Protein chains: 2
Amino acid sequence: MASRTDTKTRILDAAEKLFAERGFSETSLRLITSKAEVNLASVNYHFGSKKELIRAVLARYLDVFMPSASIEINRLHLAPEHASLNEIFSALIKPLLELNKVRNGGTIIFLQLLGRGYIESQGHLRWFITTHYGEHLATFVKAVAASAPHIPQAEMFWRLHFTLGTIVFTMASADALNEIAAADYGEHNNTEAIIRKVIPYMAAGVAVPVLTN
Amino acid sequence: MASRTDTKTRILDAAEKLFAERGFSETSLRLITSKAEVNLASVNYHFGSKKELIRAVLARYLDVFMPSASIEINRLHLAPEHASLNEIFSALIKPLLELNKVRNGGTIIFLQLLGRGYIESQGHLRWFITTHYGEHLATFVKAVAASAPHIPQAEMFWRLHFTLGTIVFTMASADALNEIAAADYGEHNNTEAIIRKVIPYMAAGVAVPVLTN
DNA sequence: GTCTATAGCCGGATAGAC
DNA sequence: GTCTATCCGGCTATAGAC
């Protein structure tokens with residue numbers, strides 16, 4: 001009976017929080033191990049290198065989120081003629097919020113990690129996700145395409161990446177934006193409120209007719 | 001008659017390109033000065049520190065873009081009842097593309113710097129821009145608000161930041177996305193083509209009615 | 001204004017005792 | 001598995017000659 005958490009888990013827990021807040025390259029192993037209250041050398045013992053620690057942090061979230069998202073999309077897909085874009089995006093809310101049950105602030109940490117990863121890793125993360133979770137992604141992309149059949153495939157490719165940018169940038173800036181919104185408008189939004197604000201924005205953008213000029 | 005460019009300018013030119021490609025913290029002064037073919041110590045002589053170099057790089061673009069954008073928006077504003085959101089966003093195309101005349105690839109470099117800056121600087125860039133270019137920003141925000149009067153002010157705050165995220169993330173990933181689009185769909189988009197794709201997406205999202213549930 | 005040389009620090013990673 | 005001690009490379013910044 002352990003009186004404290006596994007060293008490996010302690011490292012992952014401390015690392016994901018710091019990575020999400022500060023970015024990968026701005027977070028040193030020394031900072032991680034001191035917050036985790038473990039020895040500096042234990043990172044290399046358990047993970048081999050900082051790069052592999054980063055992958056382990058991301059995989060721990062993706063392994064929970066991706067299958068869960070897939071299931072929710074497939075549930076809609078049973079009656080595909082009724083699934084609007086808003087419904088498809090909204091189907092991701094539950095898998096996202098369930099990450100909060102896995103760990104405190106899990107939802108926002110996951111989305112921030114995703115954004116940091118895409119921007120810092122020069123394409124490595126995109127490769128990692130499509131090769132490891134490609135089938136789950138395909139489920140999602142197919143559902144979106146079916147509910148917006150007037151959008152050509154190539155255009156949809158761009159719009160889904162616009163969508164990814166919208167949400168990950170928003171989440172990377174969420175703390176700062178929340179502070180401003182509180183000061184200027186008296187609003188107090190949690191992560192779920194922000195997600196619910198951004199979904200109509202993304203759904204409208206994805207579905208807007210292509211200009212024919 | 002100088003046979004080569006000013007040292008200060010050579011540093012700025014090399015730095016902005018590397019900052020845009022790799023991010024600020026991933027770009028060392030050693031890399032900048034070797035690409036610029038100037039002495040390492042000259043950065044500190046001309047700019048004082050790396051942080052001030054970053055600000056100088058950003059200011060060189062903002063000083064061109066912001067007044068130019070303001071002028072274009074005001075030109076629309078003479079007949080405000082006719083300015084749709086699409087027209088307002090499209091009015092920024094000319095100022096953005098003029099950055100390409102200032103320097104090769106200026107448009108995309110600027111937008112990538114903006115994205116990197118917002119994400120890496122933990123709010124410092126937001127403060128810098130609003131305090132130094134607040135009046136130009138206000139012109140833009142007022143025009144948008146006038147053309148979408150059904151959106152409450154607080155909601156518009158969020159949507160404009162969604163929009164910022166959409167475009168800067170897209171531009172930060174533009175090279176990778178272009179490669180995929182070329183391989184998968186035979187598309188060959190330049191920066192302008194991407195901007196013209198993203199504007200309808202953003203305009204639709206900003207204007208979509210707020211849910212009343 | 002430009003150079004060399006170097007100070008001083010912090011980073012990831014590892015050797016080897018326990 | 002965990003620890004201390006250390007290597008070694010890269011970083012920003014600066015001193016001081018020219």
Side-chain angles (χ1 to χ4, degrees), chain A residues 1-60 113 116-117 119-122 124-125 128, chain B residues 1-60 113 116-117 119-122 124-125 128:
Chain A
M1 187 166 178
S3 67
R4 64 174 234 162
T5 322
D6 202 21
T7 294
K8 206 168 164 177
T9 307
R10 293 177 67 83
I11 293 171
L12 286 168
D13 289 348
E16 66 173 38
K17 209 158 178 292
L18 292 164
F19 285 154
E21 283 168 5
R22 313 162 45 100
F24 300 109
S25 64
E26 293 293 322
T27 303
S28 67
L29 298 182
R30 283 174 165 82
L31 183 58
I32 292 168
T33 52
S34 78
K35 290 268 181 192
E37 294 177 301
V38 301
N39 189 273
L40 170 61
S42 61
V43 172
N44 273 20
Y45 178 80
H46 286 287
F47 298 95
S49 70
K50 182 180 178 179
K51 199 164 269 182
E52 287 170 78
L53 171 61
I54 292 172
R55 288 165 59 112
V57 163
L58 285 166
R60 198 166 59 145
L113 288 173
R116 303 266 185 206
I119 287 178
E120 280 193 40
S121 79
Q122 286 293 64
H124 289 28
L125 178 60
F128 177 74
Chain B
M1 187 166 176
S3 68
R4 65 174 233 162
T5 321
D6 201 20
T7 294
K8 205 169 164 176
T9 307
R10 292 177 67 84
I11 294 171
L12 286 168
D13 288 349
E16 65 172 39
K17 209 159 177 294
L18 292 165
F19 284 154
E21 283 167 6
R22 311 162 47 97
F24 299 108
S25 64
E26 292 294 322
T27 303
S28 67
L29 297 181
R30 281 176 163 80
L31 183 58
I32 293 168
T33 51
S34 77
K35 290 268 181 192
E37 293 177 303
V38 300
N39 189 274
L40 170 62
S42 61
V43 171
N44 273 39
Y45 177 79
H46 286 289
F47 297 96
S49 71
K50 183 179 179 179
K51 198 164 269 183
E52 285 171 78
L53 170 62
I54 293 172
R55 288 165 61 111
V57 163
L58 285 165
R60 197 164 63 143
L113 289 173
R116 304 268 187 203
I119 286 177
E120 281 194 37
S121 80
Q122 286 292 66
H124 289 29
L125 178 59
F128 178 73

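Throughout, protein chains are lettered first and strands after them, A, B, ... in sequence-line order, and every chain is numbered starting at 1. These figures come from a predicted structure and were not determined experimentally.
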With B:Ile32 as reference, evaluate B:Ile11, B:Leu12, B:Asp13 under the side chain to side chain contact (heavy atoms under 4.5 Å, CB included) test and give the passing residue. B:Ile11

Nearest-Å distance for atom pair [atom1]/[atom2], residues [X] and [N]:
X       : N      : atom1 : atom2 : answer
A:Leu29 : C:dG12 : CG    : P     : 4 Å
B:Glu52 : D:dT14 : CD    : P     : 10 Å
A:Leu53 : C:dG12 : CG    : C1'   : 12 Å
B:Lys8  : C:dT2  : NZ    : C1'   : 16 Å

Is any side-chain N or O of A:Thr7 closer than 4.0 Å to OP1 or OP2 of D:dG1? no

Which one, C:dG11, D:dC11, D:dA13, comes nearest to the side chain of B:Ser28? D:dC11

A:Lys17, NZ atom: more than 12 neighbouring heavy atoms under 6.0 Å: no

Which of residues 43-51 of chain A sit near DNA chain D, with a heavy atom under 4.0 Å from it? A:Tyr45, A:His46

N/O donor-acceptor pair under 3.5 Å between A:Glu120 side chain and A:Phe24 backbone: yes

Please report the closest heavy-atom contact between B:Leu18 and B:Thr27, naming both atoms and the distance. O-OG1, 3.4 Å

Where A:Lys8 and A:Phe47 come nearest, the two heavy atoms and their spacing: CG-CZ, 3.6 Å

Would a 4.5 Å heavy-atom cut-off, applied to side chains only, mark [X] and [Y] as touching?
X       : Y       : answer
A:Arg4  : A:Val38 : yes
A:Arg30 : A:Leu40 : yes
B:Thr9  : B:Arg60 : yes

Sugar-phosphate, base or nothing in reach of B:Ser42, heavy atoms under 4.0 Å: nothing

Check nucleotides 4-7 of chain C for protein N or O atoms closer than 3.5 Å to its own N or O atoms and list the pairs.
unit_1 : atom_1 : unit_2  : atom_2 : d
C:dT4  : OP2    : B:Asn39 : ND2    : 3.2

